[in-house]
Amino acid sequence: DIQMTQSPSSLSASVGDRVTITCQASQDISNYLNWYQQKPGKAPKLLNYDASTLETGVPSRFSGSGSGTEFTFTISSLQPEDIATYYCQQYDNLPVTFGPGTKVDIK
Amino acid sequence: EVQLLESGGGLVPPGGSLRLSCTASGFTFSIYAMTWVRQAPGKGLEWVSGINGIGDNTYYAESVKGRFTVSRDNSKNTLYLQMNSLRAEDAAVYYCAKDDYDGNPSRFSNWGQGTLVTVSS
């Protein structure tokens with residue numbers, strides 16, 4: 001199975017800060033990498049797919065990049081409504097696997 | 001608007017069985033793969049199982065293979081997950097999700113609200 005790791009596991013930042021989350025795959029997954037946002041008590045929401053494509057309707061302050069084994073997800077200006085846990089997910093190989101998540105909150 | 005509504009969760013003793021359902025609306029159900037993802041209390045997301053649009057290809061996580069069976073009834077726009085020989089570690093919120101494609105599980109653009117499965121005597 002492809003192992004996904006994320007760093008940091010949690011972070012605290014101020015409103016307006018630039019926030020970057022890293023996701024690393026245990027082997028080359030090309031660009032088969034998605035990002036989800038999960039708010040407490042809610043279902044996950046797809047934000048970004050194929051490493052760098054923003055899902056329709058998602059604010060442009062969110063962006064993803066990377067390929068191969070290293071990926072980043074950036075919030076260019078953190079907003080209060082962005083408080084959530086963010087997960088990366090690979091679908092290059094079965095089983096689909098998720099990263100352990102990065103919890104983002106406001107300082 | 002895509003809507004997914006899970007049902008069938010509840011309390012079941014270890015070794016017991018449960019069948020989850022996911023009723024879909026707002027899209028042509030039969031042309032999309034569907035998936036089950038679970039989340040144990042306070043934990044991350046774990047992909048459980050997937051099925052292609054016509055239901056002739058199924059996929060499972062190793063942790064549930066041989067115990068869980070995914071199926072779909074396209075005439076009823078409903079996805080199922082039959083869970084047998086349940087273990088304490090199967091306790092979780094189970095989400096159904098719509099894939100953006102047919103075929104192997106890929107990206108999950110719509111999710112249900114989840115149904116809670118508790119395994120305890």
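Note that the structure is a prediction, hence the values are computed from the model and not measured. To find a chain, count down the sequence lines: A is the first, B the second, and so on, and within it residues start at 1.
Of the atoms belonging to A:Gln38, it is side-chain heavy atoms, and not backbone ones, that fall under 4.5 Å from chain B. Interface remark: B:Gln39 contributes side-chain atoms only to the contact with chain A (heavy atom separation under 4.5 Å). Of the atoms belonging to A:Tyr32, not a single heavy atom falls under 4.5 Å from chain B. Only the side chain of B:Val37 comes within less than 4.5 Å of a heavy atom in chain A; its backbone stays farther off.
When every heavy atom of A:Ile106 is checked against every heavy atom of A:Leu78, the shortest pair comes out as CD1-CD2, 3.6 Å.
Side-chain contact of A:Tyr91 with A:Asp50: a donor-acceptor pair under 3.5 Å is present, judged by distance alone.
Seen from the ring of B:Tyr95, B:Arg38 does not count as a face-on cation partner, given the 6.0 Å and 45° thresholds.
Considering only heavy-atom pairs separated by less than 4.5 Å from chain A, the leading option among B:Ser106, B:Ala97, B:Gly44 is B:Ser106. The residue among A:Asn34, A:Val96, A:Leu46 with the most heavy atom pairs within less than 4.5 Å of chain B is A:Val96.
Here A:Tyr36 and B:Trp111 bring their ring centres to under 6.0 angstrom of each other.
Proximity of a side-chain donor or acceptor of B:Glu6 to a complementary backbone N or O of B:Cys96 within less than 3.5 Å is detected.
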